[in-house]
Amino acid sequence: MVSAVLRNTQSLWVILATFVVAALLLVLPLPGWLDYYRPEWMALVLIYWVMALPHRVGLISAWVLGFFVDVLEDSLLGLNGLVLALVAYMALSLYRRLRMFTMLQQSSTVFILVGLHQLVSFWVLTVSNQNTSPNLMFLVSAFSSALVWPLVFYLLRYLRRSFNVV
Amino acid sequence: MLALVLVSLILMFADSRFGYLQQVRFYASYTVTPIHWLSEIPQSVSNQLADVFRSRNELLEENERLQEELLMQQYQLQKIDHLSAENQRLSELLNASAIVDDIVVRAQLVSESPDPFRKQVLINKGTAHGVYEGQPVLDADGLFGQVTSVEPYYSWVQLITDSQHATPVQVNRNGVRAVVSGTQGSQHEMIMNNMTDTADIEVGDVLVTSGLGQRFPAGYRVGVITSIVRDPGQPFARVTVVPTAKLDSSRNLLLVF
């Protein structure tokens, strides 16, 4: 009983730590031209945890996460909550298939999920009159997210197995 | 899902239309302060390493150059002292209000906005240092931007070239007033709004803040007019302005109090 509780809290800390690292990667200064290619780290880590532990990481945690991303990036409060909850929702309905997919299929799914993530935030920013993007460059990060997905996947799986996160 | 979407929508509406959520954002930003702090580390480490590995000759050269610069600027300051005193007397004669010296505090740029489409930077001073929303920010060469959102130890500064930003200016040569606003995409270009074809402006005119709009103190350099296109088919001339501040390379900024 006690060990189960301990393992529970340990799992929570590991998951939280990965999200903190993702937040760090999200705001880490990059040279200007690379900014367009910055993968949506938060969405990637979220997709992994939803896929691996759907009973633990779900819509509410995605939304709360998004709230803190908004505060971190000084964007419209609730925007990232909305899009991350959306990503989590889609990942939740796909997680059984995602687990069976090959890496290439997973990456393409990630491309679509992150692309929708970008598209919805683009819409919301347009509606709220805060859109400053002159072109479709905002979709580039969906591509780079799909590219780094295998890395994120294997790294997080390694973490999950070595820390026995359940 | 629907409930979350609804909550998000309400939150976003409240945030963009009314200022109810300033407090929430402020207190929540305590939790992200360590992340900003951590993201600062690679930069400060590389800066320190660069300081450690510098040759004596380089330092001597820099020292010499700086002393020369200092001499020149002190010489110019002598004249400015005299001029500002004279200016003060003249404006007293005219019963105009006194020109006050502004107090400035140094701040360091920490990072840029992760969103490449927003021209916004993070600086390492926050409410703990007295920073407030709307505060003007300068660099050594001109107006840099204004504080748009404050956190306890950091704050976000919107650059004057952001497409959401407009700066009230006047032409230094003749005092023509105008508003200069940022453009989408370009980092180095601003547009002078609603300038008629007959307005007395020339390429090379220096624009300074006019002090109208009560945001920016008057007299700080904003930019230089680089091109004027007078198209008879358009109601206004298309005037492009290049900011004098080094918006993409300045690290040391000044906060005006």
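Proteins get letters first, then strands, A, B, ... in listed order; numbering begins at 1 in each.
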Enclosure of B:Arg177 CZ (heavy-atom neighbours >12, cutoff 6.0 Å): no

Side chain to side chain contact (heavy atoms under 4.5 Å, CB included) evaluation trace for A:Val27 with B:Val32: CA-CA 11 Å; A:Val27 291; B:Val32 301; over 6 Å; no

Reported CG-to-CG distance for the pair A:Leu155 and A:Leu44, which is rounded to 0.5 angstrom: 12.0 Å

Chain B contact via A:Leu76 - which portion, at a heavy-atom distance below 4.5 Å: both

Approximate separation, where rounding is to 0.5 Å, of B:Gln120 CD and A:Asp74 CG: 5.0 Å

Which portion of B:Pro34 sits near chain A, non-hydrogen atoms under 4.5 angstrom: neither

Portion of B:Glu40 that has a non-hydrogen atom of chain A nearer than 4.5 angstrom: neither

Distance, nearest 0.5 Å, that separates CZ of A:Phe153 from CE of A:Met51: 4.0 Å

Geometric class of the A:Trp149/A:Tyr48 ring pair [parallel <30°, tilted 30-60°, perpendicular >60°]: tilted

Interchain contact, A:Leu86 with chain B, by part (heavy-atom threshold 4.5 Å): both

Top of A:Leu59, A:Val71, A:Leu28, A:Leu72 for chain B proximity - count of heavy-atom pairs under 4.5 angstrom: A:Leu72

CD1-CE distance between A:Ile47 and A:Met90, expressed to the nearest 0.5 angstrom: 8.0 Å

Heavy-atom proximity to chain B below 4.5 Å, by part of A:Asp70: backbone

Chain A contact via B:Val110 - side chain, backbone, both or neither, heavy atoms under 4.5 Å: backbone

Region of A:Ser75 in contact with chain B, defined by heavy-atom distances below 4.5 Å: both

Heavy-atom contact with chain A under 4.5 Å, split by part of B:Ser29: both

